[in-house]
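Read through the structure below, which is laid out as structure tokens, and then see the notes.
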Amino acid sequence: MPELPEVETIIRRLKGGGGAPSVVGQRIQSVEVNWGKIIALPDPSQFKQNLIGKTIIDAKRRGKFMHFPLDIGHLFAHLRMSGDMRLEKKLESVEPYDRVLLNFSEDYRMVFSNIRKFGRIWYTNDPKDVIGKLGPEPLSENFTPQHLYEELQAHSRQIKPLLMDQTFIAGLGNIYTDEALYISGIHPMRPSDSLTKADAEHLHHAIQNVLREGIRSLGASIDWIYRGGQFQNYFKVYKKEGTPCPRCGTSIEKIKVGQRGTHFCPRCQIFKE
DNA sequence: ACGAGCGCCTGTCGGC
DNA sequence: TGCCGACAGGCGCTCG
């Protein structure tokens, strides 16, 4: 479930508010690591030592990364293909996929759950170690149609894998990329430098729209990981192969682009060189 | 610079 | 029914 809108939803929940508990202000008393490879930096035993006694002073998102500034240093987490970050009472039972637990001084703990063990957690004094190479935030002011157009021209790559390259733009994954390309009428395999200025403007608008709608819906919930998001009910092409295009009625197709399942309308999204 | 192939993991689904 | 391969919301690596 983890693309920008889902991570944003998780972060907002972790921040609490409205009477709900928050990770902000919590002091880490102990750390449990049940799968060592989850800890990307430093090694797991150092990781524990570094975290104990630290206090979380904020919870933020950058691309698909969760970012927890501490009183000293920074904690980052990435869910990769599966998983969740929960804030819960220490009384709750530990679930089978709970890989890393941060026990706070009082009542609560934060739990990194990750079925496929692809997720990663970092502790570092320098955020650049983790998020230094990320492209712009798609919902920030410095991501403009002009910027997008110029960057598209600067590369000659298939548009879909380029949009999913986190150094190009931070936060898009398979779902929101397919949806944004559909909305803007761009074939997923088109060379990035074949896009016109008008194409780039449409794409920029579509990216921001689909992400905002995703956040408004609290993300998408599919398969066995359900977290209450509703965006799956608004998919126009993702997982819609064989159903009629909402705009022209042509059957939605599924192909592979850059090794990833890709859904598009062959009539609305014409390939051009 | 770019794209393909593959590894990392666990679970589900469709075909035979 | 049972098995087996393909596939899944991601990303880093190697190779050509």
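Chain A is the first sequence line, chain B the second, and so forth, proteins listed ahead of strands; every chain is numbered from 1. No experiment lies behind these values; they were computed from the predicted model shown.
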P gap between C:dC7 and B:dA4, integer Å: 15 Å
Between C:dC3 and B:dC9, how far is it from one P atom to the other, in whole Å? 25 Å
Calculate, to the nearest 0.5 Å, the distance between atoms CD1 and OH belonging to A:Ile175 and A:Tyr238 respectively. 5.0 Å
Rounded to the nearest Å, what distance is computed from the CG atom of residue A:Leu134 to the P atom of nucleotide C:dG10? 14 Å
Return the stacking result for B:dC9 and A:Phe118: yes when the ring centres lie under 5.5 Å apart and the planes under 30°, no otherwise. no
More than 12 non-hydrogen atoms from neighbouring residues, nucleotides or ligands closer than 6.0 Å to CZ on A:Arg247, yes or no? yes
Using a 4.0 Å heavy-atom cut-off across all strands, classify A:Tyr238 as base, sugar-phosphate, or nothing. sugar-phosphate
Does A:Lys239 reach a base, just sugar-phosphate, or nothing at all? Heavy atoms under 4.0 Å. nothing
Atom CG in A:Leu102, atom NZ in A:Lys48: separation rounded to 0.5 Å? 11.5 Å
Verify whether the ring centers belonging to A:Phe65 and A:Trp122 lie closer than 6.0 Å. yes
Closest to the side chain of A:Ala220, out of B:dT10, C:dG10, C:dG9, is C:dG9
So, taking the atom named CE in A:Met164 and the one named CD1 in A:Ile159, what distance separates them when rounded to the nearest 0.5 Å? 12.5 Å
Of B:dA4, B:dC9, C:dC11, the nucleotide closest to the side chain of A:Lys37 is B:dC9
Work out how far the P atom of C:dG10 is from that of B:dA1, and round it to whole angstrom. 24 Å
How is A:Gly261 classified with respect to the nucleic acid when contacts are heavy atoms under 4.0 Å: base, sugar-phosphate, or nothing? sugar-phosphate
Side chain of A:Tyr97 only, heavy atoms from C-beta on: which candidate in B:dC8, C:dA8, B:dG11 is closest? B:dG11
Are there over 12 heavy-atom neighbours, none belonging to A:Glu141, within less than 6.0 Å of that residue's CD? no
In DNA chain C, stems of three or more consecutive pairs, Watson-Crick or G-U, each with both distances under 3.5 Å, turn out to be B:2-8 with C:10-16, B:10-16 with C:2-8
